[in-house]
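This is the structure I want to talk about, given as structure tokens.
Count residues from 1 along the sequence.
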Amino acid sequence: KAEAEETTTGVYTYVHLTDTNIQITRYSGTESECVIPASIDGYNVTSIGEMAFNNCEKITTIKVPEGVTEIGDNAFYRCIKMESIELPDSLISIGKNALMWNYDLKAVRIPKNVSYIGAGLIALSSDVESIEVDADNLKYSSGNNENIIIDKANKVVIAGCKNSTIPYGIQRIGTYA
């Protein structure tokens, strides 16, 4: 299978997923606030690729646009100054270690349509104080405001933070939770 050809426009490098949709594969910006565009060169941004924002050490805030359905493995790995990230309701899948080693990250909110979260979502992100899952999410829950992500069907803790409470009935703590 041939590799998709990468295109760079400004601080974003991307590949085509379809004729109209693209995946950001690399960000090279140096701004502290990053508002990812919903489209680049007229193409819809629907995916943030594996390691796309890896080691972006100047970013403090990130806003992922509506229309993005997938965040790849390690996508925001080691953004060590990132304090906040805003995820869209269109998001369905979050890859493993997506927010790992983000020392200054304070809070994580999982939108209602997320149906997959890989292991190690916020592993080694030691300052996280608050975790919330949208109440309308069918797959995951944050218990009774317990600062935790629970796979409801399997009763498995997916992620926790320093303020988490593990509710009664949990069967297992997931890998790197």
Side-chain angles (χ1 to χ4, degrees), residues 6-15 17 21-40 43-114 116-134 137 140 142 147-149 157-164 174-177:
E6 290 189 324
T7 302
T8 300
T9 297
V11 296
Y12 297 98
T13 300
Y14 64 87
V15 294
L17 299 174
N21 298 334
I22 60 172
Q23 175 185 73
I24 293 174
T25 57
R26 189 74 195 134
Y27 172 77
S28 61
T30 58
E31 299 295 317
S32 63
E33 292 185 20
C34 177
V35 178
I36 300 170
S39 66
I40 300 173
Y43 301 107
N44 302 317
V45 175
T46 59
S47 176
I48 309 298
E50 183 174 329
M51 299 185 85
F53 287 76
N54 181 39
N55 288 318
C56 290
E57 296 180 357
K58 294 186 187 294
I59 292 177
T60 58
T61 62
I62 296 175
K63 180 174 186 198
V64 180
E66 197 60 44
V68 169
T69 59
E70 174 188 33
I71 293 176
D73 294 349
N74 304 296
F76 298 101
Y77 179 89
R78 251 187 127 256
C79 296
I80 59 174
K81 292 187 178 173
M82 182 170 63
E83 296 173 9
S84 68
I85 185 166
E86 186 177 328
L87 303 174
D89 281 339
S90 58
L91 190 61
I92 295 169
S93 175
I94 303 172
K96 70 180 180 185
N97 306 324
L99 301 173
M100 184 175 186
W101 270 1
N102 292 310
Y103 303 127
D104 290 345
L105 187 62
K106 304 289 184 230
V108 175
R109 182 187 170 281
I110 303 300
K112 64 183 176 184
N113 293 313
V114 172
Y116 174 80
I117 299 174
L121 174 66
I122 56 171
L124 303 175
S125 297
S126 56
D127 276 1
V128 175
E129 299 171 347
S130 171
I131 300 173
E132 177 189 351
V133 177
D134 188 288
N137 188 297
Y140 299 104
S142 49
N147 292 304
I148 200 166
I149 301 173
V157 174
I158 301 299
C161 67
K162 61 184 176 182
N163 292 330
S164 294
T175 305
Y176 302 114

Practice item. Taking atom CD of Glu31 as the centre, report whether more than 12 heavy atoms of other residues, nucleotides or ligands fall under 6.0 Å from it. Key: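 For Glu31, atom CD is not crowded (no more than 12 foreign heavy atoms under 6.0 Å).
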
**Study point:** Whether Ser142 side chain and Glu132 backbone form a donor-acceptor pair below 3.5 Å
**Key:**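 Not at all, since once roles are kept as given, no pair shorter than 3.5 Å links the two residues.
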
Exercise for review: Without swapping roles, check the side chain of Ser84 against the backbone of Thr61 for a donor-acceptor pair under 3.5 Å.
Suggested key: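 No, the answer is negative, given that no donor and acceptor are paired below the 3.5 Å cut-off.
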
Check your understanding: Short question: side chain of Thr69, backbone of Ser90 - any donor-acceptor pair under 3.5 Å?
Key ->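 A pair under 3.5 Å: no.
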
Practice item. From the options Asn163, Leu105, Asn102, Asn147, select the one residue that forms a side-chain contact (heavy atoms from CB on, under 4.5 Å) with Val128. Key: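 Testing each of Asn163, Leu105, Asn102, Asn147 against Val128, the sole residue satisfying side-chain contact (heavy atoms from CB on, under 4.5 Å) is Leu105.
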
Practice item. Please check if the side chain of Ser125 supplies one atom and the backbone of Leu99 the other of a donor-acceptor pair under 3.5 Å. Key: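 Checked: pair present.
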
Review point. Would you say Tyr140's side chain and Ile117's backbone share a donor-acceptor pair under 3.5 angstrom?
Key: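 At least one qualifying donor-acceptor pair exists.
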
Point to revise | 4.5 Å side-chain heavy-atom contact, Ile94 and Ile110 | key: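 Side chain of Ile94 against side chain of Ile110, heavy atoms only: contact under 4.5 Å found.
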
Check your understanding: Minimum heavy-atom separation for Asp73 to Lys96, with atom names?
Key ->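 Distance-wise, the nearest heavy atoms are OD1-N, 2.9 Å.
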
Check your understanding: At their closest point, which heavy atom of Glu70 faces which heavy atom of Leu91, and how far apart are they?
Key ->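 Residues Glu70 and Leu91, closest heavy atoms: N-CD1, 3.8 Å.
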
Exercise for review: Taking all non-hydrogen atoms of both residues into account, name the closest pair between Ala98 and Gly72 and its distance.
Suggested key: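 Minimum heavy-atom contact is CB-O, 4.1 Å.
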
Point to revise | Polar side-chain atom of Asp104 near backbone of Glu83 as donor-acceptor pair, under 3.5 Å | key: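 Not confirmed, Asp104 side chain does not pair with Glu83 backbone.
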
Point to revise | Atom of Asn137, atom of Pro111 and distance for their closest heavy-atom approach | key: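 It is ND2-O, 3.0 Å.
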
Check your understanding: What do you reckon, is NZ of Lys58 surrounded by more than 12 foreign heavy atoms closer than 6.0 Å?
Key ->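 Not more than 12 within 6.0 Å, no.
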
Practice item. Would you mind checking if Arg78 and Glu57 are paired as a salt bridge, meaning a charged N to carboxylate O distance below 4.0 Å? Key: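 The answer is yes: the pair qualifies as a salt bridge.
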
Review point. Do you know which two heavy atoms are closest between Ile24 and Ala52, and how far apart they sit?
Key: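 Minimum heavy-atom contact is O-CB, 3.6 Å.
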
**Study point:** Min side-chain heavy-atom separation Ile149-Ile122 under 4.5 Å
**Key:**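 Heavy-atom side-chain distance check fails, nothing below 4.5 Å.
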
Practice item. Using modelled atom types only, decide if a donor and an acceptor are shared between the side chain of Asn44 and the backbone of Gly67 within a distance under 3.5 Å. Key: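 No; zero donor-acceptor contacts below 3.5 Å.
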
**Study point:** Leu87 vs Ile71, side chain to side chain contact (heavy atoms under 4.5 Å, CB included): CA-CA, chis, key distance, verdict
**Key:** CA-CA 10 Å; Leu87 303 174; Ile71 293 176; 3.7 Å; yes

Review point. Considering residues, nucleotides and ligands other than Tyr103, do more than 12 of their heavy atoms fall under 6.0 Å from its OH?
Key: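 Atom OH in Tyr103 is crowded, with more than 12 foreign heavy atoms closer than 6.0 Å.
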
Exercise for review: Mind listing the closest non-hydrogen atom pair of Val45 and Val68 along with its distance?
Suggested key: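 Looking at all heavy atoms of both residues, the shortest contact is O-CG2, 3.5 Å.
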
Point to revise | Neighbour count >12 (heavy atoms, 6.0 Å) for atom CD, Glu33 | key: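 Open.
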
Practice item. Please name all residues satisfying ring pair (Phe, Tyr, Trp, His ring centres under 6.0 Å) with Tyr27, sequence neighbours left out, ordered by chain then number. Key: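 Checked Tyr27 against ring pair (Phe, Tyr, Trp, His ring centres under 6.0 Å); matches are Tyr12, Phe53.
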
